[in-house]
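Throughout, a chain's letter reflects where its sequence line sits, starting with A, and its residues are numbered from 1.
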Number of protein chains: 2
Amino acid sequence: MRGYNYRTDDQDDAFDRLPAWESLVVEGVGEVIEFWGFKRNMGRVWGLLYLRDQPMSAAELQEALDLSKGAVSMITRDLEQWSVVERVRPAGQSIWHFVAKVDFVEMISRVLKEREQNLVERVKLGLADAERLAREAKADKAVIERIARMRRLADFMDQALSVFLRTARLDVSKTREVLK
Amino acid sequence: MRGYNYRTDDQDDAFDRLPAWESLVVEGVGEVIEFWGFKRNMGRVWGLLYLRDQPMSAAELQEALDLSKGAVSMITRDLEQWSVVERVRPAGQSIWHFVAKVDFVEMISRVLKEREQNLVERVKLGLADAERLAREAKADKAVIERIARMRRLADFMDQALSVFLRTARLDVSKTREVLK
DNA sequence: CAAGGTGTTCAAGACACCTTGAACTTCTCT
DNA sequence: AGAGAAGTTCAAGGTGTCTTGAACACCTTG
């Protein structure tokens, strides 16, 4: 998988700033998140916030995860938009802090579904057009049939993913709050 | 999603070389394949071979899909390795031709499963280490519990994907050969 | 086995995506 | 309202991945 990791000023990386177990968790979540098509650092930030279970400021995140100021700003904004992180202001503090929310599987589901639906929709329309055009052009009957079969395959893809997402959510909620 | 598309010598692209319906199918398959993490051109090649349902030479593929010679060689090799394309030599021909095989969903399943299993395995090991280290370091009990919960989440991910893949294969085989 | 075409490899290049860091904006407190 | 800190934006640069194209290796046929 692809992985970006700038800011490796020699051995001055995250492994030196965090207890070993925190590094392991943070990097693990980062990889999983990346697998699902998000930015690795979104996972790292969420992971640390979840593990610590206490509000952290942008500066603290920047230090702990060895990110730039800008990166922290953008990543927290993303996480907030996906509502897996919340921005809070502890009593008597003027600085925003972040806390992890736990509807994490929700986020993956939502995005995956959305991305996949856009795609399948588009492809299905394309295949419908293709079928029509092939008919108009009096293409071979077998060709038209194969296009029709592909449309069916697209439907299956859709269904299978729905089942997957339903299962994922179910599994997670079944055990009464895996996280938190 | 990412998409590469070199070799766009002005309007000299694939849309001019193929009947419109073929372009639609080819590009559609390309997009779907890309969604699943493969190279777009793998999908385009397989799509055309499937649609045409007749052996095509490397030169024909190159011309039809506007690829370079090297690209055709590498892509067909990939597809062959995933056994979704077969290399044949029509009677009395010295040139290799390619034909589409139909275990396409199989390919996606196999690869997805493999990729995901590698990842989950690695992450689970990491989380196990993390838990051990946290214990040894006498970290807060709640922290340890949260790490344990994450391990459970990883298991769920595993299961959910298994269900997805099983469903996909089932759906496809249930209807007796969607493709072909 | 020699010539010419067919097929493969791989370094260089192209592209999309991510991150940086400094300029800029907004906020907070006095 | 002003100073300084907190937070955001975005052009420039970095990184990984895919493609190109030419050099090379391999066939095949006469």
Pairs under 3.5 Å (N/O, protein and nucleotides 23-30 of chain D):
residue	atom	partner	partner atom	Å
D:dT28	OP1	B:R89	NH1	2.6
D:dT28	OP1	B:R89	NH2	2.6

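Scored by the side-chain contact (heavy atoms from CB on, under 4.5 Å) test, B:E116 finds A:F35, B:K113, B:V120, B:M157, B:D158, B:L161 as partners (sequence neighbours excluded). B:W96 meets the ring pair (Phe, Tyr, Trp, His ring centres under 6.0 Å) test with no other residue; sequence neighbours excluded. Take B:E145 and apply the side-chain contact (heavy atoms from CB on, under 4.5 Å) test, not counting sequence neighbours, and it matches B:A148, B:R149, B:R152.
Bending across the helix from C:dC1-D:dG30 to C:dT30-D:dA1, expressed as the angle between its end axes from five pairs apiece, amounts to 20° (10° rounding).
Comparing C:dT20, D:dG7, C:dT19 by their nearest atom to the side chain of A:S68 picks out C:dT20. Checking D:dC18, C:dT8, D:dT9 against every side-chain atom of B:Y4, the shortest atom distance belongs to D:dC18. Of the candidate nucleotides D:dT8, C:dT20, D:dT20, D:dT8 has the atom lying nearest to any side-chain atom of A:S73.
Distance B:L61 CG to D:dT20 C1': 17 Å, rounded to the nearest Å. Atom pair B:Q62:CD and C:dG7:P shows a separation of 11 Å (rounding to whole Å applied). Protein atom CD1 of A:I95 is 11 Å distant from nucleotide atom P of C:dT28, rounded to whole Å. Atom-to-atom, CZ of B:R40 to P of D:dT17 comes out at 18 Å; the value is rounded to the nearest Å. Distance, A:L67 CG to D:dT8 P: 14 Å, rounded to whole Å. A:N5 places its CG atom 9 Å from the P atom of D:dG16, with the value rounded to the nearest Å. For the pair A:L79 CG and D:dT8 P, the computed distance is 13 Å after rounding to whole Å. Between the P atom of D:dT20 and the CG atom of B:L65 lies a distance of 11 Å, rounded to the nearest Å.
Proximity of A:R77 to the phosphate of D:dT9: a side-chain N or O atom is located under 4.0 Å from OP1 or OP2. Put simply, B:R87 has a side-chain N or O that comes within less than 4.0 Å of OP1 or OP2 on C:dT8.
Not a single donor-acceptor pair under 3.5 Å links the side chain of B:S83 to the backbone N or O of B:E80.
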Set out, in order, the CA-CA distance, both residues' side-chain angles and the distance that settles salt bridge (Lys or Arg N to Asp or Glu O under 4.0 Å) for A:E31 and A:R40, then state yes or no. CA-CA 6 Å; A:E31 280 195 86; A:R40 166 190 295 251; 5.4 Å; no
Candidate pair B:M42 and B:W82, rule side chain to side chain contact (heavy atoms under 4.5 Å, CB included), full reasoning: CA-CA 11 Å; B:M42 288 173 69; B:W82 292 113; 3.7 Å; yes
Check against salt bridge (Lys or Arg N to Asp or Glu O under 4.0 Å), A:K39 and A:E34: CA-CA 6 Å; A:K39 291 185 233 170; A:E34 194 174 29; over 6 Å; no
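Position along DNA chain C of the nearest nucleotide to A:N41 versus B:H97 favours B:H97 as the more 5'-ward residue.
Note that the CG atom of B:L61 and the NE2 atom of B:H97 stand 10.0 Å from one another [nearest 0.5 Å].
Judged by distance alone with a 3.5 Å cut-off, a donor-acceptor contact links the side chain of B:Y6 to the base of D:dC18.
The side-chain hydrogen bond (donor to acceptor under 3.5 Å, both in side chains) analysis of residues 131-143 of chain A, with sequence neighbours excluded, yields the pairs A:D129-A:R132, A:E131-A:R135, A:E131-A:R151, A:R132-A:E136.
Note on ring orientation: taking the six-membered ring where Trp is involved, the planes of B:Y50 and B:W46 are parallel (angle under 30°, cut-offs 30° and 60°).
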